[in-house]
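Have a look at the structure below, then the notes.
Model, not experiment: these values are computed from the prediction. All residue numbers refer to positions in the sequence shown, counting from 1.
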Amino acid sequence: VQLQASGGGSVQAGGSLRLSCATSGRTFSTYAVGWFRQAPGKEHEFVASRGLLSSSTAYADSVKGRFSISRDNAKNTVYLQMNSLKPEDTAVYYCAADKIFGYGSSWRVDYWGQGTQVTVSS
């Protein structure tokens with residue numbers, strides 16, 4: 001599975017962005033997908049994940065209620081809608097995929113996309 005993230009940019013606090021992650025391969029619908037981020041000087045951080053079913057969704061506490069992950073299997077794409085952005089959301093965001101759904105720092109994923117930079121100014 002190859003992943004290509006896009007949609008990053010610079011916004012002011014309180015603004016919104018939508019990240020997209022286009023994937024290759026006809027088996028996208030069989031993979032769990034997710035987003036991670038890494039801010040300068042900080043560890044890689046889980047953001048959100050989505051399994052094969054809409055009920056299989058998880059979010060980091062820091063983004064719960066503000067971010068929403070979704071997937072369009074017909075377009076082989078996963079999205080991350082980010083609302084009410086805060087300066088602390090500034091990071092490089094990475095999309096990821098794995099055969100097994102997981103969440104949090106313990107989720108080990110096999111496939112990663114390149115990062116897309118999100119910068120939130122106060």
Side-chain angles (χ1 to χ4, degrees):
V1 176
Q2 292 184 327
L3 308 169
Q4 181 79 27
S6 62
S10 298
V11 295
Q12 290 192 328
S16 298
L17 280 175
R18 188 176 80 158
L19 304 183
S20 299
C21 180
T23 68
S24 65
R26 294 175 290 178
T27 59
F28 168 73
S29 62
T30 67
Y31 283 79
V33 292
W35 292 90
F36 290 76
R37 67 186 181 185
Q38 188 165 23
K42 294 189 176 181
E43 294 184 354
H44 213 224
E45 178 187 21
F46 167 80
V47 175
S49 60
R50 171 71 182 263
L52 306 187
L53 302 175
S54 59
S55 56
S56 300
T57 305
Y59 295 94
D61 287 342
S62 59
V63 306
K64 202 171 293 183
R66 301 187 297 121
F67 290 12
S68 178
I69 186 171
S70 61
R71 63 189 298 163
D72 186 335
N73 289 338
K75 296 182 178 179
N76 286 353
T77 301
V78 57
Y79 303 98
L80 185 68
Q81 178 67 43
M82 306 186 294
N83 299 326
S84 303
L85 282 162
K86 304 176 181 180
E88 51 264 44
D89 294 319
T90 296
V92 177
Y93 283 71
Y94 300 87
C95 56
D98 195 86
K99 276 291 189 179
I100 301 174
F101 172 72
Y103 54 90
S105 60
S106 62
W107 187 30
R108 298 292 178 261
V109 298
D110 283 338
Y111 302 98
W112 293 91
Q114 94 295 353
T116 184
Q117 176 72 46
V118 172
T119 303
V120 185
S121 59
S122 57

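Taking CG of Leu3 as the reference point, atom CD of Gln114 lies at 8.5 Å (rounded to 0.5 Å). Separation of atoms CZ (Arg108) and CD1 (Ile100) is listed at 12.5 Å; rounding is to 0.5 Å. Between the CZ atom in Arg37 and the CG atom in Leu80 there is a gap of 9.5 Å [rounded to 0.5 Å]. For the atom pair CZ (Arg18) and OG (Ser6), the distance works out to 9.0 Å, reported to the nearest 0.5 Å. Rounding to the nearest 0.5 Å gives a distance of 6.0 Å between OG of Ser16 and CD of Gln81. If you take CD on Glu45 and OG on Ser105, they are separated by 10.0 Å, rounding to the nearest 0.5 Å.
In terms of heavy atoms, Ala39 sits closest to Ala91 at N-CB, 3.8 Å. Across every non-hydrogen atom of Ser29 and Leu52, the tightest pair is O-CD2, 3.1 Å. Counting all heavy atoms, side chain and backbone alike, Ile69 lies closest to Val33 at CD1-O, 4.0 Å. Of all heavy-atom pairs spanning Ser49 and Phe101, the tightest one is OG-CE1, 3.3 Å. Taking each heavy atom of Cys95 and Ala5 in turn, the nearest pair found is SG-CB, 4.0 Å. Listed here is the closest heavy atom pair of Gly51 and Ala32: CA-CB, 4.2 Å.
At least one side-chain heavy atom of Tyr31 sits under 4.5 Å from a side-chain heavy atom of Lys99.
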Can you list the steps and then say if Asn76 with Thr23 is a side-chain hydrogen bond (donor to acceptor under 3.5 Å, both in side chains)? CA-CA 5 Å; Asn76 286 353; Thr23 68; 4.6 Å; no

Let's go through Glu88 and Val120 carefully: what are the C-alpha distance in whole Å and the side-chain angles of both, what is the deciding distance for side-chain contact (heavy atoms from CB on, under 4.5 Å) to 0.1 Å, and is it a yes or a no? CA-CA 8 Å; Glu88 51 264 44; Val120 185; over 6 Å; no

side-chain contact (heavy atoms from CB on, under 4.5 Å) between Tyr111 and Val109, intermediate numbers included: CA-CA 6 Å; Tyr111 302 98; Val109 298; over 6 Å; no

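Note on ring orientation: taking the six-membered ring where Trp is involved, the planes of Tyr94 and Trp112 are perpendicular (angle over 60°, cut-offs 30° and 60°). The aromatic rings of Tyr93 and Phe67 sit tilted, their planes meeting at an angle between 30° and 60°. Classified by interplanar angle (parallel below 30°, tilted 30° to 60°, perpendicular above 60°), the ring pair Phe46/Phe36 is perpendicular.
In the hydrophobic clustering of ILVMFWY residues, with side-chain heavy atoms under 4.5 Å counting as a link, Val118 and Val92 come out apart. The same ILVMFWY cluster, assembled from side-chain heavy atoms under 4.5 Å apart, contains both Phe28 and Trp35. Under a hydrophobic clustering in which Ile, Leu, Val, Met, Phe, Trp and Tyr are joined whenever their side-chain heavy atoms come within less than 4.5 Å, directly or via other members, Tyr79 and Tyr59 fall into different clusters.
Remark: side-chain polar atoms of Thr77 are paired, donor with acceptor, to backbone N or O of Lys75 under 3.5 angstrom. Thr119 places no side-chain N or O within 3.5 Å of a backbone atom of Ser10 that could act as its donor or acceptor partner. Although no hydrogens or angles enter the test, the distance criterion places a donor-acceptor pair under 3.5 Å between the side chain of Arg66 and the main chain of Ser84. Side-chain atoms of Arg50 never come within 3.5 Å of backbone atoms of Ala58 as a donor-acceptor pair (strictly under, hydrogens ignored).
For Lys86 and Asp89, the salt-bridge test fails: no basic side-chain N is under 4.0 Å from an acidic carboxylate O.
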